[in-house]
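Reviewing the structure listed below.
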There are 2 protein chains.
Amino acid sequence: MVRIGRHPATTHAEISHTGLRLFIERGFDQVTVDEIAAACGIGRRTFFRYFPSKNDLPWGQFDDMLRSMREHLDSLPRSVPLRDTLRIAIVVFNRTPPEELQYHRERMTLLLTVPSLVAHSTIRYESWRQVIADFVAERLDTSPSGLLPQTIGWVCLGVSIAAYEQWLKHEDASLSDLLDQGFLAARDLMLLDEPGPR
Amino acid sequence: MVRIGRHPATTHAEISHTGLRLFIERGFDQVTVDEIAAACGIGRRTFFRYFPSKNDLPWGQFDDMLRSMREHLDSLPRSVPLRDTLRIAIVVFNRTPPEELQYHRERMTLLLTVPSLVAHSTIRYESWRQVIADFVAERLDTSPSGLLPQTIGWVCLGVSIAAYEQWLKHEDASLSDLLDQGFLAARDLMLLDEPGPR
DNA sequence: CTTCCCTTCGGCACTGAGTGCCACTACAGT
DNA sequence: ACTGTAGTGGCACTCAGTGCCGAAGGGAAG
């Protein structure tokens, strides 16, 4: 595939990194799109050609991750119970290479802290939930838009975000453990008369 | 308490109703704040004194409902298992008088359909989840910000929204039933090897 | 009725996100 | 050089939201 026409002046990754650095340094609301564009050496108009909004910067290439999660889900054997399949897939999906850990932490802090980003994230979570719902629907041979798959999608999302919030609060905690504990908490709620803290 | 100074020119309820009517007629994004203000016979500046943003119009007096849900939760006896207490409180909280049903439907359709509103709702959901989390924490004698109460808050929210989405799709369905079914779906996921559709 | 004080109103000007339009720039192949 | 093509970025515009401040109304004391 040979390129034709002018070459791109930058990349999604570069803008994303530059923007995030500014957000972390000075706070999301204190950074304007003009400044991000200037810091990247591009025009403001070009910024909006790479990212539909300022809110999309911290998400990077989320769609790629969704695809890989879907593939991972499909690769797990049907003999494993649904809840464990979901739990394992979510744990694997949320593993981060140690060298990116600090960066990922800061990114997630923004996403779960800055009101504007918290709100905007809903849209991304929706796609995420849909991946879960689609998988559940296929497993149970039902419609992905039905109550059961949608509810399970929401439950998985809730467990994940609650775990992430704890992870950000406690430097030393393991995200994988927190996710497992979250699933246990949900299970206890449904199973026991009174779930106990662990 | 005797009033002093100029009387308010309008009310939250009036602006809210007028705005919603316009949203339903022409679509959320096709209505500007200027138009809503004009329709209410107030200045644009005054609009923003009543509502912090255009997105807040459909929520009305949500804080009142939160308070009543908290009270209702506290009024339920401790002998009832936590999951049932939560389920019952949520069902009661989401009951609507028949005469307001149509209005409530349109309101919720906006909130769960318009991207901008879906995103903004996160903030309201957060308070809602916190009411649940606080209650759970008190019942289990643990911190409201811990993993368990927060996770349960998320699960309850997820079940509720998934139920609402079904309710909007199926005119004839009962919201209470859908909420109950949602709790059962979550329970089955956690307990059974494979939950079955009902 | 006038004056004082209080509260709400709303105009004005400003910032900042996001968009449509269009000319310009750089590159590949002929 | 010429042409087609894809990325760039300036300009002008819309709209949400904010700070400022004088004007509009209304109660109470004189």
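Within every chain, numbering begins at 1; the chains are lettered A, B, ... in the order of the sequence lines, protein sequences first and strands thereafter.
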Separation of [X] atom [atom1] from [N] atom [atom2], in whole Å?
| X | N | atom1 | atom2 | result |
| --- | --- | --- | --- | --- |
| B:Phe47 | D:dC15 | CZ | P | 15 Å |
| A:Asp29 | C:dT15 | CG | C1' | 13 Å |
| A:Leu57 | C:dG18 | CG | C1' | 14 Å |
| A:Lys54 | D:dA16 | NZ | P | 18 Å |
| A:Asp56 | C:dA17 | CG | P | 14 Å |
| A:Phe51 | C:dA17 | CZ | P | 15 Å |
| B:Gln30 | D:dA16 | CD | C1' | 15 Å |
| B:Phe48 | D:dG19 | CZ | P | 12 Å |

With a 4.0 Å cutoff (strictly under), does any side-chain N or O of [X] reach OP1 or OP2 of [N]?
| X | N | result |
| --- | --- | --- |
| B:Ser53 | D:dA16 | no |
| B:Thr32 | D:dC15 | no |
| B:Tyr50 | C:dT8 | no |

Side chain of B:Arg44 - closest among D:dT18, C:dA17, D:dG9: D:dT18
Nucleotide by nucleotide, nucleotides 21-30 of chain C touches protein heavy atoms under 4.0 Å in the pattern (B base, S sugar-phosphate only, - none) B---BBBSS-
Closest heavy-atom contact between [X] and [Y]?
| X | Y | answer |
| --- | --- | --- |
| B:Asp134 | B:Arg70 | OD2-NH1, 3.8 Å |
| B:Arg139 | B:Arg78 | NH2-CA, 3.2 Å |
| B:Ser127 | B:Leu66 | CB-CD1, 3.4 Å |
| A:Ala133 | A:Gln150 | CB-NE2, 3.8 Å |

Verify whether the ring centers belonging to A:Trp128 and A:Tyr125 lie closer than 6.0 Å.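 No; A:Tyr125 has its ring centre 6.0 Å or more from that of A:Trp128.
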Can B:Arg21 and B:Glu25 be counted as an ion pair, charged N to O under 4.0 angstrom?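 Looking at B:Arg21 and B:Glu25, the cut-off is met.
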Whether the side chain of A:Thr142 engages the backbone of A:Ala137 through a donor-acceptor N/O pair (distance < 3.5 Å, no angle test) should be reported.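 Not confirmed, A:Thr142 side chain does not pair with A:Ala137 backbone.
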